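Encoded as structure tokens, the structure appears first; notes follow it.
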Amino acid sequence: MRHMAQIRNIVVLTGAGISAESGLRTFRAADGLWEDHRVEDVATPEAFRRDPDLVQRFYDERRENILAARPNPAHEALARLDREWSGDLLIVTQNIDDLHERAGASRVLHMHGEGLSAWCTACDARQRWTGILRDEPPCPACGARALRPDIVWFGEMPYRMDDIFAALSRADLFVSIGTSGAVYPAAGFVQEAKSHGARALELNLERSQGSQWFDETRLGPASDLVPRWVEEVLGGAS
Ligand code: BV8
């Protein structure tokens with residue numbers, strides 16, 4: 001097991017829990033998104049073919065909530081780590097919000113897509129989008145009315161899996177923050193990192209479905225746990 005001094009390459013996986021204290025609903029909590037929307041009705045390609053207006057409305061509302069949200073101390077602490085960590089760091093997020101970037105982090109990878117991005121299924125262009133899509137606006141690049149949310153839906157392949165697995169294979173430390181470990185392939189990353197000898201740390205409000213794979217689990221709100229962990233890492237590093 002590698003100790004602090006030997007930690008050079010870090011992979012951080014974040015989920016909805018890191019943005020909960022910014023007012024963005026998580027998925028599986030009592031008041032979670034999946035409480036009043038069945039996944040199959042709003043987050044699958046079949047749902048989009050069946051009822052595009054329902055799906056577009058779901059993501060138009062999420063886009064408004066993202067624009068109204070602000071980064072919290074957990075996002076800010078990871079942005080500080082990104083600025084000050086001289087080793088490798090990759091923040092792999094399952095979240096479609098841009099709070100990591102708005103906090104100042106740049107080494108961020110959105111494996112499930114971005115709420116503030118529209119994807120044209122006619123010309124394949126992707127562009128920043130802060131407005132609505134339910135009125136089927138024309139694609140700014142090709143004019144086709146074929147824009148969909150730039151989101152990875154269930155049954156679709158997550159983005160940049162090669163980059164993620166390359167980073168996991170080099171990681172000395174894998175840290176999971178605010179995720180229930182219910183959705184694959186993200187839920188399998190801890191085992192992948194461990195198979196390459198990484199140390200695994202979980203920071204979450206409650207134990208996740210994959211807790212047994214972690215060397216250490218710290219329970220509590222991300223806005224408290226993450227700044228203290230980053231202080232430890234940077235403190236340990238100097
Ligand atoms: C694919 C975008 C194949 C949309 C999302 C293996 C086994 C079983 C099933 C599967 C399998 N492999 C694949 C599957 C199917 C499926 C899957 O995993 N299903 C689950 C439900 C069993 N996976 C897929 O379909 C994936 N695609 O496999 O493609 C393929 C292969 C080849 C070629 C083509 C295709 C794609 C999955 C991605 C779907 N899109 N998001 C949107 O956002 O609307 S997933 C979405 O749900 C999120 O991105 C995230 O990944 C997941 C939600 O999980 P969390 O983020 O963890 O949120 P949750 O609410 O669950 O938990 C929050 C946690 O935070 C809790 O633990 C809570 O305690 C904690 N918390 C709360 N507050 C705080 C806190 N922690 C700290 N501080 C706080 N304040």
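Quick caveat, the model's predicted, so the values are computed rather than measured. Whatever order the structure lists them in is the order used to number ligands and atoms, beginning at 1.
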**OP:** Determine the sole option in Val12, Ile91, Asp82 for which the side-chain contact (heavy atoms from CB on, under 4.5 Å) test with His100 is passed.
**Re:** Ile91

Subject >> Linked, directly or transitively: Phe214 and Val175 (ILVMFWY side chains, under 4.5 Å) >> reply: no

**OP:** Give the single entry among Pro221, Pro158, Gly155 that approaches atom 25 (O) of ligand 1 most closely by any heavy atom.
**Re:** Gly155

**OP:** Give the numbers and elements of all ligand 1 atoms closer than 4.0 Å to a heavy atom of Glu21.
**Re:** 78 (N), 79 (C), 80 (N)

Subject >> For Gly15, the ligand 1 atoms whose distance to one of its heavy atoms is below 4.0 Å >> reply: 56 (O)

Original post:
Could you walk me through whether Asn204 and Thr217 pass the side-chain hydrogen bond (donor to acceptor under 3.5 Å, both in side chains) check?
Top reply: CA-CA 8 Å; Asn204 216 48; Thr217 291; over 6 Å; no

Original post:
Is Ala20 touching ligand 1 with its side chain, its backbone, both, or neither, if touching means heavy atoms under 4.0 Å apart?
Top reply: side chain

Original post:
Do other residues, nucleotides or ligands put more than 12 heavy atoms under 6.0 Å from Trp213 CH2?
Top reply: no

Original post:
Do Val55 and Trp129 share a hydrophobic cluster, counting only Ile, Leu, Val, Met, Phe, Trp and Tyr and linking them when any side-chain heavy atoms are less than 4.5 Å apart?
Top reply: no

**OP:** Pull out every atom of ligand 1 sitting under 4.0 Å from any heavy atom of Thr179, numbered as shown with elements.
**Re:** 55 (P), 57 (O), 64 (C), 65 (O), 67 (O)

Original post:
In this structure, which one of Arg62, His110, Arg63, Glu114 forms a side-chain contact (heavy atoms from CB on, under 4.5 Å) with Ile96?
Top reply: Arg62

Subject >> ligand 1 versus Met157: contacting region, heavy-atom distance under 4.0 Å >> reply: both

**OP:** Give the numbers and elements of all ligand 1 atoms closer than 4.0 Å to a heavy atom of Gln94.
**Re:** 48 (C), 49 (O), 50 (C), 51 (O)

Subject >> Nearest candidate to atom 39 (C) of ligand 1, where distance is taken over non-hydrogen atoms, out of Leu219, Val152, Val226, Ile151 >> reply: Val152

Original post:
Is it the side chain, the backbone, both or neither of Arg62 that has a heavy atom closer than 4.0 Å to ligand 1?
Top reply: side chain

**OP:** Provide the number and element of each atom of ligand 1 under 4.0 Å from a heavy atom of Gly220.
**Re:** 77 (C), 78 (N)

Original post:
Any idea which of Met111, Glu202, Glu206 brings a heavy atom closest to atom 66 (C) of ligand 1?
Top reply: Glu206

Original post:
Which of these, Tyr184, Tyr59, Phe58, has its nearest heavy atom closest to atom 42 (C) of ligand 1?
Top reply: Tyr59

Subject >> Leu89 with Leu203, same ILVMFWY side-chain cluster at under 4.5 Å >> reply: yes

Original post:
Below 3.5 angstrom, do we get any N/O pair linking Leu205 and ligand 1?
Top reply: yes

**OP:** Mind checking whether Ala182 contacts ligand 1 via backbone (N, CA, C, O), side chain (CB onward), both or neither, at a 4.0 Å heavy-atom cut-off?
**Re:** backbone

Original post:
Taking atom 63 (C) of ligand 1 as the point of reference, which of Ser19, Gly178, Pro185 owns the nearest heavy atom?
Top reply: Gly178

Original post:
What residues, two or more places apart in sequence or in another chain, satisfy side-chain contact (heavy atoms from CB on, under 4.5 Å) together with Ala222?
Top reply: Ile18, Glu21, Ala74, Ile177, Val226

**OP:** Identify which of Arg25, His112, Arg207, Glu156 has a heavy atom lying nearest to atom 27 (N) of ligand 1.
**Re:** Glu156

Original post:
side-chain contact (heavy atoms from CB on, under 4.5 Å) with Ala166: which residues, sequence neighbours excluded?
Top reply: Arg170

**OP:** Select the closest option to atom 67 (O) of ligand 1 among Asp97, Thr93, Asn204, judged by heavy-atom distance.
**Re:** Asn204

Original post:
Out of Val183, Asp224, Leu203, who gets a non-hydrogen atom closest to atom 52 (C) of ligand 1?
Top reply: Val183

Original post:
Which ligand 1 atoms does Ala16 reach within 4.0 Å, using its non-hydrogen atoms?
Top reply: 55 (P), 56 (O), 58 (O)

Subject >> Residues Asp88, Arg107: salt bridge by 4.0 Å N-O rule >> reply: no

**OP:** Look at the side-chain heavy atoms of Ile, Leu, Val, Met, Phe, Trp and Tyr, link any pair under 4.5 Å apart, and say whether Val108 and Leu90 land in one connected group.
**Re:** no

**OP:** Output yes when Glu231 and Arg80 qualify as a salt bridge under the 4.0 Å nitrogen-oxygen rule, no when they do not.
**Re:** yes

Subject >> Nitrogen or oxygen atoms of Ala222 and ligand 1 under 3.5 Å apart >> reply: yes

